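A short write-up of the structure that comes next.
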Amino acid sequence: MTPSLEVSGLAYAYPDGTQALFGVNVTIGKGERVALLGPNGAGKTTFVLHLNGILHGGAGTVRVGGLTVDPADRATLQEIRRRVGIVFQDPDDQLFMPTVREDVAFGPANLGVTGAELERRVEHALERVGMLHVADRPPQHLSFGQRRRVAVATVLAMEPEILVLDEPSSNLDPAGRRELAEILTGLEVTMLMVTHDLPYAAELCPRSLILSDGVIVADGPTAELLSDEPLMRAHRLELPYGFDPRAIARR
Amino acid sequence: MDGLGRLHRPGDTPVHRLPPQCKLVATGAFVLAVVSTPREAVWAFAVHAALLAVVAAIARVPPHFVLRRMTIEIPFVAFAALLPFVAQGPRVEALGVPLSESGLWAAWNILAKASLGTAASILLAATTEPRQLLVGLERLRLPSLLVQIAAFMIRYADVIVGEMRRMRTARAARGFQARDVRAARVLARSAGALFLRSYERGERVHLAMLSRGYQGRMPVLHEAAATGRQWAAAAAPPALAALVAVAAWVAAWMVR
């Protein structure tokens, strides 16, 4: 089966000369849930913006469901952006339309979906995150947790090959965290979760990657990586007080 | 509640239900009719005001709701109050103060027309959600870029005001008080920081839009035409106002 995501030899330097990625190799199979861990400034966001061709121009290739990201080819790029659904960290950046319904419709409408099919997609996506009842409200009137869930729906409506979440648990209260976790585990979609919330990664993702200084330094079962103290310390990853990854591994 | 929302008064009256594009055109036409009414025809302005009162009654918008929001015009009409003192021409005495006759008429003209226009706009805003106003503009084929800018303004006004408030709290928490002109330097820096933050947010929003397939055009999500009856209903007040304006001109011409 074609993997959902194949990244090979990805390198990138910002226009000011700062090198952010030094040859990243990642393969994610269909239906996998993978966490991308790394300290601040490791290049996580830079990596994410390469997945749908927003950043490009360095070395290496990115293939999504077998399709190569080529920024020069506008038609393929549109298809790539359908296949890679990115949920950004701040839902206020992601929800820019006047109502929730219109925001969820924005993506599929750009892909040419109209009429009853568009309506169906919007309602289905909102239903999957349990937010159908706020469809006609303006996003700014929702709670932060609700906005985060609607942001997930805006991407689900595009029926992506891979869902990419940038710090999905940030700024959520414990109940909001748990609700989002329940929704995410219930979705049958390939998932890449960028985070430094290690317990959340342990809870949601069987496999983890560690990105540090622009390269992947570890790739393996999440509980195993989190239990490897020297590795964690070397890459500024710290478990919260009282959290024991071995307890998760035994579960 | 946000600033823009305060103008809106939710309801389910025939006026609320009219499609927004009809109400926009009707308001514009009404204001045109008011502006073209000769200023000497005081009775005509009374009829215009009565027309608005009828619309307000149908929309169940109480008079104090409109009157309180009309204070917004005060800075704009304030200078009209000066005209009777500074204008040239024959004078009339009022309480011993000589006032210019043409200045009085000019002041009345500005005051009456501005007030009627403001009241009409407030009625439009009271019966139409900000969101719906944009839909109306879109359906009236206003350039989509302008509608987009207005839509983003409505969406992000609260976010930016929230950021501004947090910055003010942070300044106050460190003992800052705007006492005199020396505070301007600090406030100017804050304004600059706010601008930068908003600019960066704009960039992030743009990235999020690109990620969902934005190619420079907003998708058309509301294509709904108004029926002939809805147009006719919306046209009634401005049509009557136009008749009044014409009648006022004819009357003025016959007197001469």
Side-chain angles (χ1 to χ4, degrees), chain A residues 45 48-49 51-55 71 74-75 77-115 118-119 122 136-141 147 151 153-158 160 164 166, chain B residues 1-6 8 10 20 128-139 144 147-166 197-224:
Chain A
T45 305
V48 165
L49 292 178
L51 301 184
N52 67 356
I54 285 190
L55 288 181
R74 286 197 78 90
L77 198 62
Q78 195 74 348
E79 172 61 15
I80 291 283
R81 287 182 181 164
R82 179 191 75 73
R83 290 188 186 191
V84 182
I86 303 183
V87 179
F88 289 92
Q89 194 174 343
D90 184 348
D92 274 330
D93 295 344
Q94 181 124 19
L95 307 177
F96 44 80
M97 296 289 275
T99 64
V100 166
R101 183 185 295 279
E102 286 166 275
D103 213 294
V104 179
F106 180 83
N110 279 326
L111 303 170
V113 180
T114 53
L118 184 62
E119 193 76 356
V122 169
D136 294 307
R137 306 220 345 233
Q140 61 267 39
H141 293 172
R147 272 182 278 169
T154 64
V155 170
L156 288 179
M158 300 175 78
V164 181
D166 192 359
Chain B
M1 198 62 208
D2 49 313
L4 293 153
R6 268 199 305 258
H8 183 240
T128 323
E129 285 175 55
R131 160 86 219 99
Q132 289 299 316
L133 283 176
L134 292 176
V135 171
L137 291 172
E138 204 175 290
R139 290 188 191 150
S144 113
V147 180
Q148 280 180 45
I149 291 173
F152 280 103
M153 195 185 76
I154 293 181
R155 168 66 183 86
Y156 286 101
D158 289 354
V159 175
I160 291 171
V161 168
E163 237 154 63
M164 201 169 80
R165 207 169 286 146
R166 282 195 298 277
R197 284 192 197 182
S198 306
Y199 184 83
E200 282 167 0
R201 181 178 298 280
E203 286 194 325
R204 291 199 303 273
V205 171
H206 186 234
L207 277 187
M209 292 172 75
L210 287 179
S211 296
R212 287 199 277 151
Y214 177 71
Q215 289 178 316
R217 277 188 42 129
M218 284 311 231
V220 180
L221 298 171
H222 318 272
E223 263 316 327

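None of these values were measured; they are calculated from a predicted model. Excluded from the calculations below are hydrogen atoms, water molecules and symmetry mates; all remaining heavy atoms, backbone and side chain alike, are included. Convention: sequence-line order gives letters A, B, ...; per-chain numbering from 1.
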Atom group of B:F152 that falls short of 4.5 Å from chain A, counting heavy atoms: side chain
Region of A:L77 that comes under 4.5 Å of a non-hydrogen atom in chain B: neither
Which of A:M158, A:R74, A:R81, A:M97 touches chain B most, by non-hydrogen pairs under 4.5 Å: A:R81
Close contacts, residues 203-210 of chain B versus chain A, judged by heavy atoms under 4.5 Å: B:R204, B:V205, B:L207, B:A208, B:M209, B:L210
Portion of A:T114 that has a non-hydrogen atom of chain B nearer than 4.5 angstrom: neither
Closest-packed option against chain B by number of heavy-atom pairs under 4.5 Å, given A:D93, A:N110, A:V155: A:D93
For chain B, the option from A:V87, A:L118, A:D90 that forms the most heavy-atom pairs under 4.5 Å: A:D90
Heavy-atom proximity to chain B below 4.5 Å, by part of A:F106: both
Heavy-atom proximity to chain B below 4.5 Å, by part of A:N52: side chain
Under 3.5 Å donor-acceptor, A:Q78 side chain and B:G213 backbone: yes
Main-chain N/O of A:Q140 paired to B:R155 side chain as donor or acceptor, under 3.5 Å: no
Top of A:L51, A:L111, A:L95, A:T99 for chain B proximity - count of heavy-atom pairs under 4.5 angstrom: A:L95
Chain B contact via A:L49 - which portion, at a heavy-atom distance below 4.5 Å: side chain
Pairwise side-chain contact, B:S211 with A:Q94, heavy-atom cut-off 4.5 Å (strictly under): no
Carboxylate-amine/guanidinium proximity below 4.0 Å for A:D103 and B:R212: yes
Heavy-atom pairs under 4.5 Å with chain B, option from A:P108, A:P139, A:G85, A:A151 with the top count: A:P139
Chain B contacts, top residue of A:A109, A:P138, A:G112, A:P160 (heavy-atom pairs, under 4.5 Å): A:A109
